[in-house]
Undergrad: 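Just passing along the structure, written as structure tokens.
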Amino acid sequence: MTDQRNPRVIMHLDMNSFFASVEQAANPKLKGIPLAVAGNPKERRGILVTCSYEARAFGVYTTMTVGEAKRLCPQLTIVPPRHELYRQMSDAVFEILRSYTEWVEPVFDEAYIDTTEIGGLTRAYELAEEIQQRILQELDLPCSIGIAPNKFLAKTASDMKKPMGITILRKRQVAHVLWPLPVIDMHGIGKRTEEKLHSAGIRTIGELAVAEKIKLEGLLGKNGLRLQQRANGIDQRPVDPESAEERKSIGSSTTLPVDLTELDECIPIFQRLANKVATRLATKSLAGITISIQIRYADWQNTTRSRTVHQAVYLAEDITSIALELFERHWNNEPIRLLGVTVSNVLERHEMVEQLTFDNFEQQEKEHQVDQLVSNLTKRFGDGVIKKGWSE
């Protein structure tokens, strides 16, 4: 464990426009031109997963449709995603980071690195430059790095200069640098939280930092107090190399006393399971983007189905709604012995942002392709041509 007698030095490394940068590294002809990665480049309704900085200069942004992007930038080059390549390059980045220290916590296409014991404050900037240049020279990928005394400030700092920036953010700078900004600019605050804060007259990070604790807790529960700490530059979370494994999923299942055969009988079961999962998520202040259900039939056959959403969920009603939607779509009307609900691809709530990751984008693409195939077959051959099956 890092010696806490030394001032902590945390780096946050953010790969700049990662998918697009990987494509440009793999094909130098794509460098210097407006580029986007989209699930289905030929479909005008396809969604952009990421885009290069050259494309952003035209107003193109992630989650925009292909059609919208083309209207803003007719010369935009769009390529399909190559998930295995992205995973390989991501692993290569983390391998470089782990050559410096074991205290590396990967988060999608980002990473936290505790450098307290390998140079601390004295070598922080020099070390960041070395890491940045190694990743650029060895992998041909740009990144930005934030340096700070904790994870929140380091992540905030890495956003300040892109691409290929290195920024140091000290706690004493928080009031001057962060407090004038609107609350939506703070990591961990999304549209819903922004609306709640606005309803209480809290519009800037500075106003959040000095707001009455009772008011914040009433508005947002314990998360309100946590956000206030962040607004004051306080974040005690350690860099945890094992957190990616520990936070993969939270679930609950139940074996039924009698086999169920009616939808109405199953609804309260899913509600109870979702409540249990939501409670466990709340205990650890987590949320997840993939909701899965498990069905075990009376003949012991199992099936699992999942859906991945753009915005992480943690409320029992949201989990219930998605679980029931999956159940109604995939239940084959045979008697049920066991039901289960799991939330996976989890992250800490204050890290919730609307983003597409390697895994959830790939899952969404697969589900979209399957739904489209089923729809086409049904139109051509009629209802009933596709039968629901089981997976062990």
Side-chain angles (χ1 to χ4, degrees), residues 12 14 18-19 39 47-50 61-63 83 90 105-112 151-152 155-156 159 183-197 219-227 230 235 237 240 243-252 270-271 273-293 304-326 340-368:
H12 179 263
D14 185 5
F18 184 57
F19 291 2
I47 301 296
L48 301 194
V49 187
T50 191
Y61 57 85
T62 300
T63 72
H83 305 289
S90 176
E105 180 181 332
V107 186
F108 305 136
D109 55 345
E110 311 169 23
Y112 293 101
K151 291 168 82 171
F152 170 74
K155 184 173 176 67
T156 302
D159 269 349
V183 289
I184 193 65
D185 286 357
M186 181 173 150
H187 287 295
I189 294 182
K191 279 291 181 186
R192 287 185 185 177
T193 302
E194 179 194 37
E195 290 168 4
K196 287 182 180 180
L197 290 171
L219 272 178
L220 303 170
K222 290 183 180 179
N223 191 46
L225 301 181
R226 189 179 296 109
L227 288 173
R230 302 289 190 269
D235 182 4
R237 293 172 300 151
D240 184 359
S243 66
E245 292 298 319
E246 292 173 351
R247 300 187 321 189
K248 279 187 175 177
S249 66
I250 289 178
S252 182
F270 276 112
Q271 290 171 333
L273 292 172
N275 276 320
K276 287 183 180 179
V277 172
T279 299
R280 291 177 62 194
L281 288 168
T283 300
K284 298 183 178 182
S285 192
L286 299 174
I289 56 174
T290 301
I291 296 84
S292 307
I293 63 166
T304 58
R305 292 292 183 269
S306 65
R307 178 185 163 198
T308 298
V309 294
H310 288 286
Q311 183 70 359
V313 297
Y314 56 89
L315 297 175
E317 51 263 40
D318 293 334
I319 299 168
T320 301
S321 174
I322 297 169
L324 285 173
E325 178 189 325
L326 287 167
V341 174
T342 299
V343 174
S344 57
N345 285 326
V346 297
L347 66 159
E348 294 186 20
R349 287 188 198 171
H350 57 264
E351 292 175 353
M352 287 171 59
V353 291
E354 292 188 19
Q355 63 177 321
L356 294 175
T357 68
F358 305 144
D359 296 321
N360 70 26
F361 175 75
E362 188 170 9
Q363 180 65 27
Q364 286 179 36
E365 277 302 298
K366 287 178 180 175
E367 288 182 357
H368 173 72

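We're numbering straight along the sequence, starting at 1.
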Undergrad: Please report the shortest heavy-atom distance between Thr62 and Thr50, naming the atom on each side.
TA: OG1-CA, 3.5 Å
Undergrad: Looking at every heavy atom in both Leu281 and Tyr314, which two are closest together, and how far apart are they?
TA: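 Smallest heavy-atom distance, with atoms named: CD1-CA, 4.0 Å.
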Undergrad: Which pair of heavy atoms, one from Phe152 and one from Arg230, lies closest together, and at what distance?
TA: CE2-O, 3.1 Å
Undergrad: Spell out, as yes or no, whether a donor-acceptor pair under 3.5 Å connects the side chain of Ser321 to the backbone of Glu317.
TA: no
Undergrad: Between OG of Ser344 and CD1 of Ile250, what distance do you get to the nearest 0.5 Å?
TA: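 Atom-to-atom, Ser344:OG and Ile250:CD1 are 10.5 Å apart.
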Undergrad: Write down the atom of Ala316, the atom of Asn275, and the distance for their closest heavy-atom approach.
TA: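 Nearest heavy atoms, Ala316 then Asn275: CB-OD1, 3.1 Å.
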Undergrad: At what distance, to the nearest 0.5 angstrom, does OG1 of Thr304 lie from CD1 of Ile293?
TA: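 If we round to the nearest 0.5 Å, Thr304:OG1 and Ile293:CD1 are 8.5 Å apart.
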Undergrad: Contact between Lys196 and Arg192 at the side-chain level, heavy atoms closer than 4.5 Å - yes or no?
TA: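 Lys196 vs Arg192: side chains apart.
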Undergrad: Could I get the full list of salt bridge (Lys or Arg N to Asp or Glu O under 4.0 Å) partners for Asp159, not counting sequence neighbours?
TA: Lys162
Undergrad: List the residues meeting side-chain contact (heavy atoms from CB on, under 4.5 Å) with Thr193, not counting sequence neighbours, and say none if there are none.
TA: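 Partners of Thr193 under the side-chain contact (heavy atoms from CB on, under 4.5 Å) test: Ile189, Leu197, Leu220, Leu227.
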Undergrad: Considering only heavy atoms from C-beta outward, does the side chain of Ser249 approach that of Thr342 to under 4.5 Å?
TA: yes
Undergrad: Heavy atoms only: give me the nearest Thr290-Ser306 pair and the separation to one decimal.
TA: CG2-CB, 4.0 Å
Undergrad: Can you check whether Phe18 reaches Glu110 side chain to side chain, under 4.5 Å on heavy atoms?
TA: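 Of all side-chain heavy-atom pairs linking Glu110 with Phe18, none is under 4.5 Å.
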Undergrad: Considering residues at least two apart in sequence or located in another chain, which fulfil the salt bridge (Lys or Arg N to Asp or Glu O under 4.0 Å) criterion with Glu325?
TA: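 Scan of Glu325 (salt bridge (Lys or Arg N to Asp or Glu O under 4.0 Å), adjacent residues dropped) gives Arg307, Arg329.
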Undergrad: At what distance, to the nearest 0.5 angstrom, does CD of Glu195 lie from CG of Leu219?
TA: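 One finds 12.5 Å between CD of Glu195 and CG of Leu219.
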Undergrad: Are side-chain heavy atoms of Lys151 and His12 found at a separation under 4.5 Å?
TA: no
Undergrad: Heavy atoms, side chains only, cut-off 4.5 Å: are Val341 and Phe270 in contact?
TA: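 Sidechains of Phe270 and Val341: in contact.
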Undergrad: At their closest point, which heavy atom of Ala274 faces which heavy atom of Ile319, and how far apart are they?
TA: CB-CG2, 3.9 Å
Undergrad: Return the CG to CG distance between Leu286 and Asn345, rounded to the nearest 0.5 Å.
TA: 12.5 Å
